[in-house]
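Just below is one structure, and these are the notes that go with it.
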Amino acid sequence: MYCCKESFSYSFYLYEHEGYYVCVESEHNVTYFVCIRKHLLYSRLQSVGQNGHMALLGHCLTAYLSMLNKDGFRKLTTRILSDTTLWLCRLFRYENSSAFFHEDDREGLVRVCRLVLHTLYEDYASEGYAAFSSAQPIIYQSTSSREGLGQHVCNQVLHRARHGRATTNATDVALLEKLIKEDLDAGKLPLLLIANAGNSSVDRAYRLGRLKELCVKYSMWLHVEGVSLATLALDDMSSSVKRAVHCDSMTLTLGPWLGLPAVPAVTLYRHEDPALSLAAGLTASQPGEKLRPLALWLSLQLLGNEGIVQKIRHATDLVSSQCHTLCRHKSFPEILTINLVLSSSLCFLLSGAYNDLLEGCSTEDRDIMDTFNRWLGERLARLVPVGGVDVVELEDDGTCVRFNPLMTAAGLGTQASDVEVLVEKLLELVPVLSSTLRLREEFRREVQRHSPFLSLMEDLAWPGLGTLRYNPQWFADVLEDKQLQEVEKMNCELMKKLQEQETSILFSSGPEYGTARDRIFVGMATEDLVNEDISHLVNTVAALGREIEEKGKLFENMAEVVQRGILEAQLQLQKDSEKRILEEGVLRQLPVVSSVLNWFSPWEASVNGRTFNLTDGLLDSTEPTYSSKDQTSALHLPDTPTTLSSRLQGKGWQVSVLLTSLYCIKHS
C-alpha cells in the first residue's frame, strides 16, 4: 500500500497490486474503486523516480475522480484541499492562511492583486477599470524579481495602470519610501510590493522586516517569492528568510524543489473575507480546479515531512559544499567573486580585478566580462549536465554563473560527487579564461601592427582572443558586392589553412547563427601561451593570407595567358582552314563533285594542331608530336593514310576544343 490516511472522516487508500494501482474510497458503506495499469505510468518514464510517478498518478486519477457523484466529489476535494493547505502551512511555518493552487507560477500573484483591488476599491466589482479614476494603483517590484513579472500583472489585472520598479534591498528602502511618497503626492495609490528571496546577490542584504513595516505604514500588500522560501522548512533557516512568514502572501514552487513533475505551484495568503477571495478567483469553482492539488497531495503523503525536509537539506548542503571547496583554493578568491545567496544558491563570476587586464582593449569592459562569464557557465553546463549550472543576468553584477540545486538537484539527481566534478572542471576552465584575458591586449597590438593587411574586428560577444580579417592589397573602405565576396572567400580559405596548423588555439567562422562571414574568430588561449606565441600566431595569419592572395594572382595571370593563347590559336587554326581550302580547290568544296573527285583522286590533307605551353605562354604546332607518335605506332600496327589522317584531324580538333573550353571557363 502506497498511502493511507485513516484520520479522514472517510477512508481513502492507494494500493499497488499485480501491476495495477488501486484507489479505494469508502464512506457510508459505499466503496469506489479506480484501477490504473502500472506499466502505463512507467513506460519511458523510468528517470522520474518513485516520487515523480506518484505525481503523475495524481494527474491520471483526476479524470476518474471527476466522475464521482456530486456529494462524494465535494467531500473528497474538500478533504484534499484542506489537508494539503494544512500541511503546507505547517511545513513552511505560514500559519492561519489559505492556499490557491495554479499551473502558471505567476497566476497566484495575479489573483492576489485582484484581491487587493477588491479590498481597496469598493466599486471595482461593479465598475471595473473605471474605479481607478479616483487614484491610479501602483505596483512596486524588486530589481531581483523575474523580468516582466510586474508588467504581466498589470496586463492581466490593471490594464492601463503602470508598475514601478525600484530596488528594495537594505540600502534602498529609504529610496523606495521616497518613491511611495512621491506617488501619494501625485494622487496615486500604492497597491502592492513584490519582494524576492533568492534570485541574486542583492538578496543577501534583504530586510523583509523593514519592507513589512513600510507596507503596514502605507497600507500596501507585501508578496514574496523566490527559491530561498524553501528553507522555511528547515530549523536553521537564515534570519532574512524567517521574516518572510510575516508577509501577506507568498508563492511556493514545490515541483522543482522536490523533483515532482507537473505539480501545481501554491500561493499562500492571509485574508479574512472569503467573499473577496471568491471574487478575486482564489477559490476553485470548476471540477478540474478543485482536483488540482491531488497530485501534490499524493506526493506529500509519499514523501512525508522528513522526506521533504531531507530533499531541501540535501540541496542546501550541496551549496555549502561547493562554496567551501571554492574558497579552499587560494587562487579562486582572486579570480572569482563568489556570492552565497541566502544559503540556497551560489553565484560566481570573474573578479573585477580583471578589469585591469582589459585597459585599452575596449571601453565596454563589462560586456567583455559578461561574455566570458557566459562562456564559463555554458561550458560547465555541457561538461557536467547533472550539475544544474545555468547563466543569469543580474542588474548589479551583470552576467553570473549560478549553482542553484534547490531548483535542479531533485530533478537531475545531483550528488556531492557531481559537485566535486563541477569544481574540477571549474579549476580547468578558470586558468584558460585568465590566460585569454591576459593576452587579449597583446593580440590587439599585434593585429594593429600588421595593418592594413589585418584588421581587428570588434565583437564583444565573442569569448576568445579576438576577431580579425585579412584585407587584400586592393581592399578599400567601399567595395562592390563581387569584391566583398572575394574578401569573404579569401578569409574562409585562410581559416581552413589556420585550422590545419598544429596549434592549441581554435579558429572558427563565429557563432552558428552569426551573419559575419568575412572574418576569422580566434578562440581561447591555453594556460601556457605567452606574448611571443601571440606574435608568432598573428605573423602566421598574415603570412598565410599573403600566400593565398599571391596564389590567387598567379591563377588570375595564368587565366589571362590562357585567354590570349586561345585567341591566337583560334586565329591560326582559321588561317590553316583557309589555306587548306585553297589547296583543295573550289571543286572539292561542292557536295557531289567533291565525292567524285575524292573517289578518283583521294586528297591527303595535312592537319597541324596547336599546343599551348603554360610555362612560356607560346603556341606551337602539333606536327612534331604527331610525327613521333606516328613512328612509334607504326611499329605495332600499320595504319592506312586515310585512317591516320582521320585520327590526326580528331586530335587537332580535340586540342582546339580544349583551348576553347578553357576560354569559356575563364569567362564564366
Point to revise | Side-chain touch Leu296/Phe101, heavy atoms, less than 4.5 angstrom | key: yes
Practice item. Indicate yes or no: does Lys75 engage Asp71 in a salt bridge with an N to O separation below 4.0 Å. Key: yes
Exercise for review: Without swapping roles, check the side chain of Arg270 against the backbone of Asp248 for a donor-acceptor pair under 3.5 Å.
Suggested key: no
Check your understanding: More than 12 non-hydrogen atoms from neighbouring residues, nucleotides or ligands closer than 6.0 Å to CD on Glu127, yes or no?
Key -> yes
**Study point:** Main-chain N/O of Ala195 paired with Tyr140 side-chain donor or acceptor, under 3.5 Å
**Key:** no
Practice item. Report yes if the side chains of Leu193 and Leu176 come closer than 4.5 Å at any heavy-atom pair, otherwise no. Key: yes
Practice item. For a salt bridge (Lys or Arg N to Asp or Glu O under 4.0 Å) with Asp235, tell me which candidate from Arg313, Lys242, Arg93 qualifies. Key: Arg93
Check your understanding: Just checking, is any N or O donor in the side chain of Thr251 or His223 under 3.5 Å from an acceptor N or O on the other one?
Key -> yes
Check your understanding: Is the backbone of Glu107 close enough, under 3.5 Å, to the side chain of Arg111 for a donor and an acceptor to pair up by distance?
Key -> no
Practice item. Check whether any side-chain heavy atom of Leu268 sits under 4.5 Å from a side-chain heavy atom of Val266, and report yes or no. Key: yes
Check your understanding: Between Phe92 and Val245, is any pair of side-chain heavy atoms under 4.5 Å apart?
Key -> no
Check your understanding: Quick one: does Thr85's side chain have a donor or acceptor within less than 3.5 Å of a partner on Ser82's backbone?
Key -> no
Check your understanding: Given the side-chain rings of Phe132 and Tyr121, with only the six-membered ring counted for Trp, is the space between their centroids under 6.0 Å?
Key -> yes
**Study point:** Under 3.5 Å: donor-acceptor pair, side chain of Asp418, backbone of Gln415
**Key:** yes
Practice item. Give a yes or no answer on whether the side chain of Gln136 reaches the backbone of Lys188 with a donor-acceptor pair at less than 3.5 Å. Key: no
Review point. Are any of the side-chain heavy atoms of Val112 and Phe100 separated by less than 4.5 Å?
Key: no
Point to revise | Exam field: side chain Ser321 to backbone Asp317, donor-acceptor pair closer than 3.5 Å | key: no
Practice item. Could you tell me the separation between the CG atom of Asp104 and the CG atom of Leu109, rounded to the nearest 0.5 Å? Key: 10.5 Å
Review point. Does Leu291 reach the side chain of Trp297, with side-chain heavy atoms less than 4.5 Å apart?
Key: no
Review point. Does one side chain, of His314 or Thr414, offer a donor that lies under 3.5 Å from an acceptor on the other?
Key: no
Review point. Between Met250 and Glu225, is any pair of side-chain heavy atoms under 4.5 Å apart?
Key: no
Check your understanding: Are any non-hydrogen side-chain atoms of Arg106 and Leu149 less than 4.5 angstrom apart?
Key -> yes
Exercise for review: Please step through salt bridge (charged side-chain N to carboxylate O under 4.0 Å, His left out) for the pair Asp370 and Arg374, ending with a clear verdict.
Suggested key: CA-CA 6 Å; Asp370 289 345; Arg374 189 179 299 108; 5.5 Å; no
Point to revise | Main-chain N/O of Asn404 paired to Thr408 side chain as donor or acceptor, under 3.5 Å | key: yes
Practice item. Take Arg292 and Glu103 through the test salt bridge (charged side-chain N to carboxylate O under 4.0 Å, His left out) and record every step on the way to the result. Key: CA-CA 9 Å; Arg292 191 173 288 163; Glu103 301 296 339; 3.8 Å; yes
Check your understanding: Have Ser277 and Thr283 got a donor and an acceptor in their side chains that come within less than 3.5 Å?
Key -> no
